Structure formats: C-alpha cells, structure tokens
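Source: prediction; values computed, not measured. Counting starts at 1 for both ligands and their atoms, in listed order.
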Amino acid sequence: MDEKILRAAVVGAGYWGPNLARNFAASDHWELAAVCDLDADRAARVAGAHGGADVETSLAALLARDDISAVAIATPAGTHHSIAMAALRAGKHVVVEKPIADSASAADEMVAEAHARGLVLMTDHTFCYTPAVRKIRDLIAVGELGDILYIDSVRINLGLVQPDVDVFWDLAPHDLSIVDFVLPGGLRPVSVAAHGGDPLGTGRACVGYLFLPLASGAVVNVHVNWLSPTKIRRITIGGSRRTLVWDDLNPQQRLSVYDRGVNYEQIAADGEERRAATVSYRLGDTWSPALPEQEALGLMVAELADAITQARAPLTDGRAGRRVLGVLEAASASLASGTAFIPDPHRELELSA
Ligand SMILES: NC(=O)c1ccc[n+]([C@@H]2O[C@H](COP(=O)([O-])OP(=O)(O)OC[C@H]3O[C@@H](n4cnc5c(N)ncnc54)[C@H](O)[C@@H]3O)[C@@H](O)[C@H]2O)c1
C-alpha cells in the first residue's frame, strides 16, 4: 500500500452512494472529501455521517476542485457517461457503478478518454471483490480446475418487474461481470443467443436464458428470472480436473470444489484403423476453501487506490464494463432477431490503460 492518502468524492447519494461513501471514509487509502447530489439534503445526510466531508450540489464546482483525485459515480446508468466524461476531462480518476454506461458505444468513449489522459477508469463490479469470487479467479488461474469446460450461472428470485429494462439488463450484468472476471482473458463469446419469456405480458422478458459459446469450445449459460419463488444464486464451473460450485446463499460453505467428473479419452484400437472411446468417472473428495470475511466494497476502493498509485489498470477496468455491455447489447439483438448474434469484438478498444 502506498503511504499517500488520496481524496475521493462520491457523486450520487441515493441507495448505493452511501455504501461507497462509507467505504471511502473507512479506508486507510482514502479520505472522503465530498459528497455531491442534486438533492442537497441527501448529500448532507451522507456527508454528515462521515464528519468532515463537504456537500456539493454542482458537479462543475466539484470537478473544479484541485484537492480531489478521484470521483465515484453512483447515479442512474443513463447519466454515467456524461458525468464520467466531465470528470475525466477535469483530470479525475473515475470509478463508475455498474453498468458502466447505458450503451457499449458510450463506454467506448469513456475508455478512450481515460486512456488518452492516462487516468484510471474503473467499473464497480462489486461481486468481483467478494472473497469467494476472488478465490474462484485464483483457483482457475493456477489451474486447479484444469481447462474450463462449462459455466452455468443461475440468478433467480421473485424480483421487481423493472419499468425500463428486461430481466437480462437487470440481473445478468452480475453473472457476466463475474464470468468476465474469473475467465483468464475475460468474457469474449463467439456468439450470444438469448431466449426470453414474458408469460405475464409485461412487455419485457421476465425469464431469460443466455447461451455463450467461447472460442475454447467451453460454453457459458446464464439463467435469470424475476418470477421464481425460490431464490438461487449459484455458479457451477466445470473444469477438466475439478468442478467448482459457488452458492452465495450458503454462508457456511459458499465454495465447494469437487474432485469428481468425467474422463473421456479416445484411444487407437486395431492399430490406427479404428478408434475407441473410454469413459470413466472420477469420484474423489469435495473440499471447501476457507474465505476471509471482508466487505467487497472495501477491497474495491483499495484496488482503485492501488491502480492509481501504481499507474496500472484496475482489476475491473472500463474495458471489463464495456465487455459486459457488449454481451447485453448482443443479447437484446438476439432476442429481437430470434437468432444467435455475433458480438462486435472488433469494436472493443484494446488499449493499454
Ligand atoms: N454495485 C452494486 O451492487 C449496485 C447496487 C445498487 C445500485 N448500483 C448502481 O448504482 C447506481 C445508482 O443506483 P441507486 O439505486 O443508488 O440510484 P438512486 O436513484 O437511489 O440514487 C441516485 C442518486 O443520484 C442523484 N443524481 C442523479 N443525477 C445526478 C447528477 N447529475 N449529479 C448529482 N447527483 C445526481 C439522485 O439525486 C439520487 O440521489 C446505478 O448505476 C445502479 O445500477 C450498484
């Protein structure tokens, strides 16, 4: 950790902004300098909870200050692009709540602006900073699971039918950001097929299935649903060596690693003329990795500080946010056309942050 204390401002003091403010205020890396909201009372309530932070109602006045190095944006998604662009142009590092913007092209502009100015642009993909998801990423990186064969993610519950977005845009950003984080190289599907159901006639998909084949031959499936009376938050990651299950609603055993699976081998039979397949099953142990108790947002703000002081891209950078939006846009196109849709990987800006 760098000794230097950085100063942050939180823009947006509604439901989520106070969580950001609390974590900046509690961090060894940060001082919470200001809270900005169009609603002065809201900003004052949040600033007052962390004595000493200033209240701002004007974004322009906030960005004109030279004692603030980073701005955290927790306003509605439709405002992310304009606030982030203004902050970057004012020379501030930026962390933006998910989704990073309301379109992939808006995210592209933000990524390009940050790159041109040598500033950090981070997306708060909060789940990626939970101890469980960080552990999954580490286990995959060291080859504990072997080659990834499939990922199956289920996020279902009785949810609010949203007025403006369907169930894919509401829930799947979480699954997609986690898959993007744990897969080495990020989530880059070769195509996106979405199937949605609207059995209540709400005008938008309330039940959704996403199928994302990867270039490696692995497949990712995401199931999201607002109409389920049971709540499930589970990701299964099948590998050639082991299979991992993350059950976020089981605090006693969030992660289970199964040394069980199928071995499939083709061997030459009768010389080279014929080939025969052998199938065998591994029935080994199951273990549960120990996980520290840490608040994800605390790790997120620490990662932002480290990225700034080390002049490197954060773990969930602007491009990660953009990849998630690219898949969501392809999912919407697939729903509208009834066919699998090829995302536009060529548009992704491969910039060194
Ligand atoms: N990471 C997570 O798990 C998580 C959870 C919840 C919400 N979020 C995200 O956080 C963001 C905010 O969501 P919310 O539920 O807190 O919304 P909210 O509506 O409760 O709060 C938004 C606040 O932003 C303020 N605001 C709007 N435009 C502004 C502007 N131009 N300048 C200053 N303030 C402005 C509003 O007055 C309001 O107080 C969204 O992007 C949402 O997706 C993330």
### Query
Please state which protein non-hydrogen atom is closest to atom 21 (O) of ligand 1 and give its distance, to 0.1 Å?
Gly14 CA, 3.3 Å
### Task
Could you tell me whether atom 43 (O) of ligand 1 has a protein heavy atom closer than 4.0 Å?
yes
### Query
Is the closest basic N to carboxylate O distance between Arg312 and Glu303 below 4.0 Å?
yes
#### Entry: Geometric cation-pi criterion Arg155 and Phe127, 6.0 Å radius, 45° cone
yes
### Query
Among protein heavy atoms, which lies nearest atom 1 (N) of ligand 1, and at what distance?
Thr126 OG1, 2.7 Å
### Distance filter under 4.0 Å to His80 heavy atoms, resulting ligand 1 atoms
41 (O)
### Message
Filter on ring-ring contact (aromatic ring centres under 6.0 Å, His included), then keep only pairs touching residues 217-244, sequence neighbours left out; what's left?
### Response
Tyr209-His223
### For atom 27 (C) of ligand 1, the protein heavy atom that lies nearest, with its residue and separation
Pro76 CD, 3.7 Å
### Query
Can you name the side chain to side chain donor-acceptor pair (under 3.5 Å) partners of Asn221, sequence neighbours left out?
Asp152
### Query
Does ligand 1 have an atom that lies less than 4.0 angstrom from a heavy atom of His125?
no
### Message
Hydrophobic clustering (ILVMFWY, side-chain heavy atoms < 4.5 Å, transitive) - are Trp30 and Trp16 grouped together?
### Response
yes
#### Entry: Selection from Leu38, Thr75, Leu297, Asp39 by shortest heavy-atom distance to atom 11 (C) of ligand 1
Thr75
### Task
Could you verify whether a donor N or O on one side chain and an acceptor N or O on the other, from Arg260 and Thr286, lie under 3.5 Å apart?
yes
### Query
Which residue owns the protein heavy atom closest to atom 12 (C) of ligand 1, what's the atom, and how far is it?
Ala74 O, 3.4 Å
### Query
So between Asp37, Leu20, Thr57, Val11, whose heavy atom ends up nearest atom 23 (C) of ligand 1?
Asp37
### Task
Would you mind finding which of Lys98, Arg42, Glu97 brings a heavy atom closest to atom 10 (O) of ligand 1?
Glu97
### Task
Could you tell me the separation between the OG1 atom of Thr57 and the CG atom of Asp37, rounded to the nearest 0.5 Å?
9.0 Å
### Query
How far is atom 31 (N) of ligand 1 from its nearest protein heavy atom, and which residue and atom is that?
Ile83 CD1, 3.7 Å
### Message
Please state which option from Trp16, Tyr15, Phe127 has its nearest heavy atom closest to atom 20 (O) of ligand 1.
### Response
Tyr15
### Message
Is a donor from one side chain sitting under 3.5 angstrom from an acceptor on the other, for Glu295 and Asn23?
### Response
yes
